[in-house]
Q: 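My questions will all concern the structure given below.
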Number of protein chains: 2
Amino acid sequence: MVKEYSIGQLSKLCDVKVPTIRYYEEIELLDPPGRTAGGQRRYPQAARDRLSMIAHARDLGFSIDSIREFIRMADHPSAPCEDLDLIAEKHLSDVRKRIKQLQALETELTAMLKSCDHGSVAECRILTVLSDHDQCKTQH
Amino acid sequence: MVKEYSIGQLSKLCDVKVPTIRYYEEIELLDPPGRTAGGQRRYPQAARDRLSMIAHARDLGFSIDSIREFIRMADHPSAPCEDLDLIAEKHLSDVRKRIKQLQALETELTAMLKSCDHGSVAECRILTVLSDHDQCKTQH
DNA sequence: TCCAAAAGCTCTAAAGACTAGAGCATTTAA
DNA sequence: TTAAATGCTCTAGTCTTTAGAGCTTTTGGA
């Protein structure tokens with residue numbers, strides 16, 4: 001007998017709030033699950049995997065649209081190579097851009113913390129760094 | 001005579017859309033500027049600096065509320081710097097976590113592209129990577 | 001088996017951070 | 001001087017969630 005999950009169980013397992021799960025169904029990011037005689041949702045294991053993937057990708061900062069592409073990719077592993085290649089490449093460059101931006105941000109935040117040596121705001125460079133783009137250690 | 005900017009000039013200089021500038025004024029992130037006889041906004045240099053700071057901070061991922069804190073502290077320069085420090089620290093650890101996650105994803109996407117190179121159909125591991133935390137090269 | 005509590009259902013509305021459009025007024029530059 | 005560009009306010013929409021009201025279904029213990 002196959003294990004099924006209620007929406008609440010899925011919510012806990014994937015750390016996604018119940019209304020969010022219903023929202024994902026509404027925007028067709030999740031397939032509509034089966035229902036009990038009383039109308040309650042019952043999810044198969046596959047739904048758990050997918051929701052977990054969505055949650056993880058969201059956490060990584062991917063847009064819903066990007067996730068739709070991931071899903072499309074995953075659902076058609078036999079699609080022509082060029083198509084897959086193109087989609088993957090687009091996402092890879094996205095990921096790399098994101099990493100670069102975050103590394104720039106890391107550098108700046110580290111510099112801010114270093115210069116903010118628990119003095120008063122008068123000497124705190126966080127505000128200076130934030131106001132003046134030329135002060136940035138990196139481009140973005 | 002002091003240089004003043006129209007809202008459109010400010011928009012171009014700071015790369016912030018015109019309605020967004022008005023929105024920032026509405027939520028009191030920007031001081032209401034002076035007006036011409038005809039009622040158009042005219043911004044002093046200081047407004048440009050502030051908007052530039054706000055835009056930069058938003059770009060770095062700070063929330064409006066965090067920015068409010070920065071501004072509040074800028075207006076009270078004798079206050080201790082620790083609060084500001086805390087905000088930056090919180091962001092820094094967040095940023096580092098995200099960098100690690102994305103680097104793991106980059107690895108997977110690169111592998112996918114490689115397997116696509118020989119004209120054969122890629123075995124799509126992206127969904128697995130995204131769903132299964134245990135598969136990740138790094139912790140998060 | 002019965003019943004209260006927990007969990008689920010739909011629907012509406014809000015939050016945060018913008019963004020777009022309608023319809024009109026003011027500035028600017030040829 | 002006059003047409004184009006820009007600005008004004010106001011309303012309403014976007015996207016991704018999240019919360020609440022009011023009702024129904026499930027579940028677990030007596």
Side-chain angles (χ1 to χ4, degrees), chain A residues 1 3-44 47-48 50-71 94 130, chain B residues 1 3-44 47-48 50-71 87 91 94 98:
Chain A
M1 141 252 205
K3 175 88 184 117
E4 293 208 310
Y5 304 103
S6 71
I7 198 167
Q9 289 171 328
L10 207 63
S11 167
K12 258 171 214 135
L13 286 168
C14 300
D15 197 24
V16 173
K17 295 212 170 60
V18 168
T20 305
I21 298 175
R22 293 199 272 244
Y23 168 72
Y24 286 161
E25 182 183 331
E26 193 190 311
I27 64 169
E28 295 181 284
L29 210 56
L30 287 177
D31 292 334
R35 300 277 184 138
T36 63
Q40 299 197 353
R41 290 169 178 82
R42 288 296 177 269
Y43 295 92
R48 178 188 170 173
R50 170 146 302 180
L51 179 57
S52 170
M53 174 286 239
I54 293 168
H56 193 174
R58 288 297 293 139
D59 194 48
L60 289 172
F62 285 97
S63 69
I64 298 285
D65 277 353
S66 292
I67 294 171
R68 271 190 221 285
E69 294 213 338
F70 284 138
I71 289 172
D94 265 11
L130 278 175
Chain B
M1 146 226 187
K3 174 90 183 117
E4 292 208 311
Y5 305 103
S6 72
I7 199 167
Q9 289 171 329
L10 207 62
S11 168
K12 256 170 215 138
L13 287 167
C14 300
D15 197 25
V16 173
K17 294 208 172 63
V18 168
T20 305
I21 298 175
R22 293 198 272 245
Y23 168 71
Y24 285 160
E25 181 183 331
E26 193 189 310
I27 63 170
E28 296 182 282
L29 208 56
L30 287 177
D31 292 335
R35 302 277 183 137
T36 62
Q40 301 196 352
R41 290 169 178 82
R42 287 298 177 267
Y43 294 93
R48 180 189 170 174
R50 169 147 301 181
L51 180 57
S52 171
M53 178 280 240
I54 292 168
H56 193 179
R58 289 294 297 138
D59 193 48
L60 290 174
F62 288 100
S63 70
I64 298 286
D65 277 353
S66 292
I67 295 170
R68 268 189 225 285
E69 293 253 12
F70 290 140
I71 290 172
I87 296 170
H91 271 270
D94 213 57
R98 264 160 218 281

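Worth saying up front: this structure is predicted, and the values here are computed from it rather than measured. Chain A is the first sequence line, chain B the second, and so forth, proteins listed ahead of strands; every chain is numbered from 1.
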Q: Measure CD1/B:Ile54 against C1'/C:dG16 and give the value in whole Å, please.
A: 16 Å
Q: Round to the nearest Å and state the distance from B:Ile7 atom CD1 to D:dC8 atom P.
A: 5 Å
Q: With 3.5 Å as the limit, what N/O pairs link the protein to nucleotides 27-29 of chain D?
A:
none

Q: On the nucleotide C:dC18, are OP1 or OP2 found under 4.0 Å from the side-chain N or O atoms that B:Thr20 carries?
A: no
Q: Can you measure from CD1 (A:Ile7) to OG1 (A:Thr20) and round to the nearest 0.5 angstrom?
A: 9.5 Å
Q: Just to confirm, is there a sub-4.0 Å distance from OP1 or OP2 of D:dG7 to any side-chain nitrogen or oxygen of B:Ser6?
A: yes
Q: Given D:dG7, C:dT19, C:dC9, which nucleotide is nearest the side-chain atoms of B:Val18?
A: D:dG7
Q: Do you know which two heavy atoms are closest between B:Ala55 and B:Val16, and how far apart they sit?
A: CB-CG2, 3.6 Å
Q: Tell me which nucleotide among D:dT26, D:dT16, C:dC18 gets nearest to the side chain of B:Arg58.
A: C:dC18
Q: Calculate the interatomic distance between B:Glu26 atom CD and C:dA15 atom P; express it in whole Å.
A: 13 Å
Q: Between atom OH in B:Tyr24 and atom C1' in C:dT19, what is the gap in whole Å?
A: 12 Å
Q: Rounding to an integer number of Å, can you tell me how far A:Ile67 CD1 sits from D:dT16 C1'?
A: 11 Å
Q: From C-beta outward on B:Ile64, which listed nucleotide comes closest to its side chain: D:dG7, C:dA20, C:dA17?
A: C:dA17
Q: Please figure out whether B:Gly39 or B:Asp65 has its closest DNA chain C nucleotide nearer the 5' end.
A: B:Asp65
Q: So if I take every side-chain heavy atom of B:Gln40 and compare against C:dC9, C:dT19, C:dT27, which nucleotide ends up nearest?
A: C:dT27
Q: Where the side chain of A:Arg22 is defined as all heavy atoms beyond and including C-beta, which of C:dT26, C:dA17, C:dC9 is the nearest nucleotide?
A: C:dC9
Q: What is the distance from NZ of B:Lys17 to C1' of D:dC8, rounded to the nearest Å?
A: 20 Å
Q: Between D:dC8, C:dT27, C:dA17, which nucleotide has the shortest distance from any of its atoms to the side chain of B:Arg35?
A: D:dC8
Q: How long is the line joining CZ of A:Arg68 and P of D:dC15, in whole Å?
A: 10 Å
Q: On a heavy-atom basis, which atom in A:Pro33 and which in A:Arg42 lie closest, and how many Å separate them?
A: CB-O, 3.5 Å
Q: So, does A:Ser63 get its side chain near the phosphate of D:dC15, meaning an N or O under 4.0 Å from OP1 or OP2?
A: no
Q: Think B:Arg41 has a side-chain N or O under 4.0 angstrom from the OP1 or OP2 of C:dT27?
A: no
Q: As an exercise, state the distance from CG of A:Asp31 to CD1 of A:Ile71, rounded to the nearest 0.5 Å.
A: 8.5 Å
